[in-house]
Structures are given as C-alpha cells and as structure tokens.
Number of protein chains: 2
Amino acid sequence: MDQPRYLRLAALIRRQIVTGELAAGTRLPARQDLAAEHGVAEGVVREAIRQLAQEGHVVSRPGAGVFVRERPTARRIVRSWYRERRAGSPFAAALLEQGSRGGWMYESATIQAPPEVRTRLALDEPSGDASDVMHTRYVFTGDDQPWMLSDSYEPLSLTKGTIAAFPEDGPLAGRGVTHRMAEIGVLVDDWVEDVTARPAAPGEAKALGIAPGSIVLTVARTYLADGRPVEVADIVIPAETSVLGYSGPVGDRVEEWADISAR
Amino acid sequence: MDQPRYLRLAALIRRQIVTGELAAGTRLPARQDLAAEHGVAEGVVREAIRQLAQEGHVVSRPGAGVFVRERPTARRIVRSWYRERRAGSPFAAALLEQGSRGGWMYESATIQAPPEVRTRLALDEPSGDASDVMHTRYVFTGDDQPWMLSDSYEPLSLTKGTIAAFPEDGPLAGRGVTHRMAEIGVLVDDWVEDVTARPAAPGEAKALGIAPGSIVLTVARTYLADGRPVEVADIVIPAETSVLGYSGPVGDRVEEWADISAR
DNA sequence: TCGAATTTGTGCGTATGTATC
DNA sequence: GGATACATACGCACAAATTCG
C-alpha cells in the first residue's frame, strides 16, 4: 500500500459512509480530533475531507462541522420521450409522478450575437454593431429552488416586428419556442442537443445555489425549421441532482459503439 | 475586494491564460518563484494552482512543472441521429468527417445481477446465488487512447444457450446488441438513455487515462424490446473531451421547459 | 550513462479570521 | 458573548518525478 495518507484516510471514511456506518447527516469529528485519532497532521485530514467533499460524500459548513451528505434524489428531466407515454412502458410510471412545475424568471434584450452563437445560428457577418438576436436569460425554479439556467438566442430576422418577437411578452408569453415560431409561420421540426459537463462557473454556482466548482451538465440546444437553425439555447443544470432522459426508436440509431465525428 | 489570496492569484493567472498572454503549453514559474513574486506563502500558490487545475486551465506534471493546458477539441459522440443524415442539414458535414473507429477490449462473465441492475432489467428476485445476467465490460479505444467505458448486462433468460449468449464470441461477435438480439427473435425497438455527470472514480480515471476526480459523463442506457428491457449498460465518458449528441423530431417533444418526474 | 538541480506532491505544525452554536 | 470549528495563511521539509548538462 503506497497511497498517500490523506487518500487512505479518505478511503477509510468513505467506506464508513457507503456502508451506512456513518449515516447521512452525521457530523464527523473535528479536524483536530480526526488528526489526533489517526495520528496524522491536521493538513492530512483537511486533504481527506476535501477529497470526500469533491466526491460529494460530505459537505463542510464553516463553524459548524463536516457532515455526511444527504443524497438528494436526482430528478429525471425528460428531454425527449419517444414512446415513453405508452402504457406498459417501464418508464410510464415515472411520468405519472410529475413534480411541481415551478416557475421561471427571465430577462430579454436584443443584442448582437457573439461569434459562437453566430456560428450555431448560421448568421451572416454582423453589420456594424446592430443587434441581430433576441437574447433571453432564464432561471427556472421548482420548489422555490433554482434548478436550471438557460440562455436563449433567436434571430431577429425571423421574429422582428411580429407578435413572437419577445419570448415572454405579448399574447404568446410562456408558450415556448415551437409554439411561438408556429404562430409566425416558422415550423420547428427538429431539435438537436449536445450534452457535456464541466465545473460550474462562479456566477452559475451562485445562481443555482450550488457550491462553486461543483459539476454542471450543459446542453447546447438547437431548434431547426426545415434544416435551418431558428433558436439556440445554452442550458446549465446541476449534475448532482439531475439526470437528463433521452429516448428514441432503435431503427434510426447507430450501432451502439457510436461513431465519432470531429466537432 | 474581500477575496482570499489564493482566489485572487488564481484569477490573475486565469486572466493571463484566457487573454492569451500565457499561451497554451507555457510553463508557469515554480511554486516558490510564484510565491516570492506575489509576496505570498507557497501554500497560497498551491491552492491557486489547484483551483486552475480543477477548472481545466492548467495541468501539473510532477517534477516538470505546471503548464497551460492545450485544449483538446471535443469529439461529438452521436447517440441518436434522427434526420441528421439528411443532406443539407447543418450537421451533415460533421458526419462526413468521421474519425477512425478504433477498437475495443472486453471481458465477459456470467454473474448474479446486482440490485440496481435487477431493477433496471425488471428481473425477479434472485434464486440462491445463481448467475442470471451476462456481464460484459468494455473499454473502447480510438487513436490508441481509451475514450469510453461500458458495463453491459443482458439477462441470461433471453440468451442462454443461443448463439447470442456471448456478446463478443461466436458468429455474432461485435455485431452489437440489437443485431444479436434480432438473431434470436428479440426485436429491440426502443432505447432510453439517462445522462448525468460526476467525478471519475479512481479506477475509471486510470482506465480512461484522465486525472483522478476529473469529470465524466455517465449514460445509463436501456434497450427495450416491446417495452421490456433486454439490455442495460453503464457508459462512462470523459466530459472534457466529449459531447453527446442527441436529436429528434419536435412533434414528440415536450415543451422546452421540460417536465420533471421523480426518479 | 549518470548525477545534480529543479519541481511537484505530500506532510508537519502553527496562527489568525470568521461563521456557527 | 464565549467556545467551537472550518477556511485560510505562513513556513518548512522530504520524497519522487523530471530535466538537463
């Protein structure tokens, strides 16, 4: 056994946690006590705790102590539900237990699309510094808790001057992209989502009420109408408490060791 | 400014990196030098570096130094490609640039399914300690680099005694779940994938050749035949270098602020 | 080929600030 | 308000990996 002391100590405590010997909510002994108990320096305990905190096993509160984490049950966020509504599906049950829908806050402004968004929306070169997209920033809440951030971009060339211009204003408020676009004759028929994960940026962590640096899932969504992108959104969701659910028919699916394409 | 010193130092270096002042590949000054240069203790530098490393801005190699990270371009792993083959799609181009397919290693064994897998496969109570699933562990490689792990479970009740029993043996080797199942009359028609992310477990980090604790995407996949699960797999992919691509028709899709269901 | 210098990873002990109880 | 506990900070030391002459 050639492992650093702090990893051995972390492994020891981790075992106690996963076996239930240390129940959720339990407070660990103070750093000094743990250090004395195991005959190591305080710094070793600190590193061990840090390790366990990063793994999500414990959470430390200044002045109070280090506590075994209550594991919040993850919510399954349905991103596509091909056939999942079908009776008899093992997943139909889950759909019946839908939680409260909660609400959302937003802020809209017309801006000039940043380069990355330009690419995704297939926009032409910007003309001067004229605004060319409607940018809407959402914070979704459920149970009085923020659980998802979204930055949406829609080309003004589509919506300008129509009743669909402002996503959350006018008669179509809150109807969603696809409905709103339909009202102005743009038929959104495809969606594409690119999913990955990264540490939360400080601002995101604050907005979501999670620890800075904790993991978030990011979804880069594109809505297409007849093959052309008509809306893109950058969605950020805490990974710890969320699972994204996708489904589809096997016929349209690639072999299970998926093909790779350069991005 | 009320921030801890190590965060201020991290912010300072981060700014130099994102502005390009410190180019990718550049070596940072040694800990002691940075400490002296900024008039702080070595520990402060250590914390700052740790912070930047967690954000993925730098990578440290023992004995060598701390280097500004080369940003590997992420691969887009297509998990469903509804209509993406269609010509004219903005994503069709990506599909043409398919990389080398690489290969995979595997290891199969019959085991008694662990509780979590039992649930997902809707298996009955275990009878004694009899094996009831075929467990296959995959390591997928591309460009001589592991990039995906997968643990697959198939009920023996379906495949036992057939030519499809061993996923990677016999005439159907390497044909994939859906083809193999089809050969024994099981028509896989649906798939469901639950995506989330977490820090890599030590074993996973080692198998994938990534830093321990770095972020991995996990995909819990289920293949269904006529609504019944016939295979489940736990897939692990480094988040840093990968994007999972999903797509589908809008008609089957829920409003964009997705419904939530308890898991 | 080999050894010396450099650099990170780890560990020790201590002290102060600040949040919690 | 006092005691407790974590977050941060200081300074030092040694082992192992790497680099380079």
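Below, read A as the first sequence line, B as the second, and so on, with proteins coming before strands; counting in each chain starts at 1.
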Could you tell me which residues satisfy ring pair (Phe, Tyr, Trp, His ring centres under 6.0 Å) with H57(A), sequence neighbours excluded, listed by chain and number?
none
Can you list the residues that meet the side chain to side chain donor-acceptor pair (under 3.5 Å) rule with E204(B), with sequence neighbours excluded?
R198(B)
Anything under 4.0 Å to a heavy atom of chain B counts; send over the first and last such nucleotide of DNA chain C, read 5' to 3'.
dT6(C) to dT10(C)
Under 3.5 Å, side-chain donor or acceptor atoms of residues 44-53 of chain B against the rest of the protein: list the pairs with distances, not counting sequence neighbours.
from, atom 1, to, atom 2, distance (Å)
R46(B), NH2, E47(A), OE2, 3.3
E47(B), OE1, R50(A), NH2, 3.0
E47(B), OE2, R46(A), NH2, 3.3
E47(B), OE2, R50(A), NH2, 3.1
R50(B), NH2, E47(A), OE1, 3.0
R50(B), NH2, E47(A), OE2, 3.2
Q51(B), NE2, E55(B), OE2, 3.0

What distance do R79(B) atom CZ and R221(B) atom CZ have between them, rounded to the nearest 0.5 Å?
6.5 Å
R120(A): what forms a side chain to side chain donor-acceptor pair (under 3.5 Å) with it, not counting sequence neighbours?
E116(A), D234(A)
Between T26(B) and L22(B), is there a donor-acceptor pair closer than 3.5 Å when you use the side chain of the first and the backbone of the second?
no
Heavy atoms within less than 4.0 Å of DNA chain D: which residues of residues 26-33 of chain A have one? Give them sorted by number.
R27(A), A30(A), R31(A)
Side-chain donor-acceptor distances from residues 27-39 of chain A under 3.5 Å, at least two apart:
from, atom 1, to, atom 2, distance (Å)
R31(A), NE, E42(A), OE1, 3.3
R31(A), NH2, E42(A), OE1, 3.3
H38(A), ND1, L34(A), O, 3.0

If each end axis of the helix from dC2(C)-dG21(D) to dC21(C)-dG2(D) is fitted on five C1' pair positions, the angle between them, to 10 degrees, is 10°
State whether the side chain of T196(B) and the backbone N or O of S242(A) hold a donor-acceptor pair below 3.5 Å, judged by distance alone.
yes
Can you tell me how the ring of F140(A) sits relative to the ring of W104(A), calling it parallel under 30°, perpendicular over 60° and tilted otherwise?
tilted
Go nucleotide by nucleotide along DNA chain D from the 5' end; which of S60(A) and P62(B) gets its closest nucleotide reached first?
S60(A)
Positional range of nucleotides in DNA chain D within the contact set of chain B, heavy-atom, under 4.0 Å:
dT8(D) to dT19(D)
Test of understanding: with side chain to side chain donor-acceptor pair (under 3.5 Å), list the residues that count as partners of S108(A), not counting sequence neighbours.
T136(A)
Within residues 45-56 of chain A, find the residues that approach DNA chain D with a heavy atom at under 4.0 Å, and present them sorted by residue number.
R46(A)
Supply the atom-to-atom distance Y106(A) OH to Y138(A) OH, rounded to the nearest 0.5 angstrom.
8.5 Å
E240(A) side chain to S214(A) side chain, donor-acceptor N/O pair below 3.5 angstrom:
no
Go through the steps to decide whether Y153(B) and E231(B) satisfy the test side chain to side chain contact (heavy atoms under 4.5 Å, CB included), and finish with yes or no.
CA-CA 6 Å; Y153(B) 302 87; E231(B) 192 247 18; over 6 Å; no
If you take any heavy atom closer than 4.0 Å to DNA chain D, which residues from residues 34-43 of chain A end up in contact?
none
